[in-house]
2 protein chains.
Amino acid sequence: MSRRADDAGRRGQLLRESARLFRERGYDATSVRDIAAATGLQSGSWVYHFKTKQDILAAVMEQGLQQALERIEAIAREELPPREHFRALVRTHLDTLLGPGQDFIPVLLYDWRSLDKPGRDRVIALQKRYEQVWEDVIHQLQRAGDWAMPTRIDRLLMFGALNWIVQWYRPRGPLNATQIVAEAEKFFLRTLPRARARRPGVRRS
Amino acid sequence: MSRRADDAGRRGQLLRESARLFRERGYDATSVRDIAAATGLQSGSWVYHFKTKQDILAAVMEQGLQQALERIEAIAREELPPREHFRALVRTHLDTLLGPGQDFIPVLLYDWRSLDKPGRDRVIALQKRYEQVWEDVIHQLQRAGDWAMPTRIDRLLMFGALNWIVQWYRPRGPLNATQIVAEAEKFFLRTLPRARARRPGVRRS
DNA sequence: CCTACCGATCGGTAGG
DNA sequence: CCTACCGATCGGTAGG
């Protein structure tokens, strides 16, 4: 209950509400007054936590990516068979994109154009680390024969397929995240495990 | 040189400049003054061609999709082997997304949130027709054994991989559109042609 | 953290 | 199609 704890709480609250509003309407269509009102502040009081509206956007993207990075780096440290490793990455990536209250990374994906140059450079540095984790696991998959020859374009197409899900996934829709993870794995890994490779009939639904 | 032709020319000019600016900066970050200036008009003169700025956005998206639809429906009418058919769709889709001066569909993909409800409904109707063309060809692929069991999620993942290319493709970058088409086809069609299936070494680069 | 307000810019219009 | 301008809203600040 110290002043610093309160302050951090307010800052976090501002970030969460900003992320939610940016995701819903976009950065430009969200006013600082909207953000203040959603946080229970008067129209000019957000300046005690952020210098500019642009700084709020940068903080949303950086914090979101920072947390996503921690999650997948933890997975990278686990000892798992390549396919399990890959599946865990996909599952975590999709939870970061589609999970309840997960608005930070969608803002990064949707409103990239609105971020100014200095902010972009910092985000790009984090993204490189994020992609490196994937590259290591994909390389394991290749050695195990589960992904014949992953090229740079392959990896970009894969991220595209995953990131685009934000555009069509609806939490209360007919497809749940677990189904999507299973389908995505099958979609990406052309060399299916030998035991199931000749039996397409096992697919449910 | 009739007044109507001039009028249609101006309207087309306004649409092209709007598409270019919307794509570069986004709908909200582009002012009607920016559009007027790019077209060589005074700040209020765009109103003789469109009622509101929102109408400009709707026209950009609808015209872009209308033209894309004509292109792939022409392909659908050709008699081709399934794989060739699919490759032609991918090639045309990517040209619509990445070709020089092709800003209309990227605006549709980027600024979907900025379109109001009536506009969305009209665009959705066109998109359904667009997807139907793909579904028919994918079904041919399935019968030919080139796409084991295409599900709804598979199709959404495929469109995601393709549409996301707009985010990373750079005309002067190291990857050209032809390479991407070839990689995309390999990426989607897990059952490779028998003659080349066992010889990954033929890949160039 | 609030009240009151600033200069700038926005989409769109009146009158010609 | 232009000139001149409107009311509204924007991000951000001065003073307390």
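The figures here come from the full heavy-atom set of this structure, side chains too, leaving out hydrogens, waters and symmetry mates. It should be emphasised that the depicted structure is a prediction, and the values quoted were computed from it without experimental measurement. Residue numbering restarts at 1 for every chain, and letters A, B, ... go by the order of the sequence lines.
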Handout entry: d(CD1, B:I35; C1', C:dT9) in whole Å
Key = 15 Å
Exercise for the section: Note every stem involving DNA chain C: at least three consecutive Watson-Crick or G-U wobble pairs, i with j then i+1 with j-1, with both distances under 3.5 Å. Expected result: C:1-16 with D:1-16
Handout entry: Distance test, side-chain N/O of A:R10 to OP1/OP2 of C:dC1, below 4.0 Å
Key = yes
Fill in the blank from the handout: Whole-Å distance, A:F50 CZ to D:dG12 P, equals 13 Å
Problem - Heavy-atom neighbours of A:R155 CZ exceed 12 at 6.0 Å - result: yes
Considering only nitrogen or oxygen atoms on both sides, find all protein atoms under 3.5 Å from nucleotides 13-16 of chain D and state each distance.
none

Problem - Nearest heavy-atom neighbours spanning B:V137 and B:P82 - result: CG1-O, 4.2 Å
Exercise for the section: Check step by step if salt bridge (Lys or Arg N to Asp or Glu O under 4.0 Å) holds for A:R77 and A:E73. Expected result: CA-CA 6 Å; A:R77 284 191 296 271; A:E73 281 182 341; 5.1 Å; no
Problem - Pairs flagged by side-chain hydrogen bond (donor to acceptor under 3.5 Å, both in side chains) wherever residues 98-116 of chain A is involved - sequence neighbours left out - result: A:R23-A:D103
Practice task
Specify the separation, in whole Å, of atom CG of A:L41 and atom P of C:dA4.
Solution key: 17 Å
Problem - B:L21 CG - C:dC10 P separation (whole Å) - result: 13 Å
Handout entry: Mutual orientation of the aromatic rings belonging to A:W164 and B:W164 [parallel < 30°, tilted 30-60°, perpendicular > 60°]
Key = perpendicular
Handout entry: side-chain N/O B:Q42 vs D:dT3 OP1/OP2, d < 4.0 Å
Key = yes
Practice task
Provide the closest heavy-atom pair for B:F50 versus B:R11 in the form atom of the first, atom of the second, distance.
Solution key: CE2-NH1, 3.4 Å
Practice task
Go through the steps to decide whether A:D95 and A:R91 satisfy the test salt bridge (Lys or Arg N to Asp or Glu O under 4.0 Å), and finish with yes or no.
Solution key: CA-CA 6 Å; A:D95 185 66; A:R91 197 185 309 122; over 6 Å; no
Practice task
Assign A:T30 to base, sugar-phosphate, or nothing according to its heavy-atom contacts below 4.0 angstrom with the strands shown.
Solution key: sugar-phosphate
Exercise for the section: Report the distance from atom CD of A:Q54 to atom P of D:dC10, rounded to the nearest whole Å. Expected result: 17 Å
Practice task
Nearest whole angstrom, please: distance from the P of D:dC10 to the NZ of A:K53.
Solution key: 9 Å
Exercise for the section: Round to a whole Å and report the spacing from CZ of A:R25 to C1' of D:dC10. Expected result: 14 Å
Practice task
Look at the rings of B:H93 and B:W134 and say which category their plane angle falls in: under 30° parallel, 30 to 60° tilted, over 60° perpendicular.
Solution key: perpendicular
Practice task
Show your reasoning for whether side chain to side chain contact (heavy atoms under 4.5 Å, CB included) applies to A:L156 and B:I165.
Solution key: CA-CA 8 Å; A:L156 289 167; B:I165 297 175; over 6 Å; no
Practice task
Let me know the distance between CG of A:L14 and P of D:dG12, rounded to the nearest Å.
Solution key: 14 Å
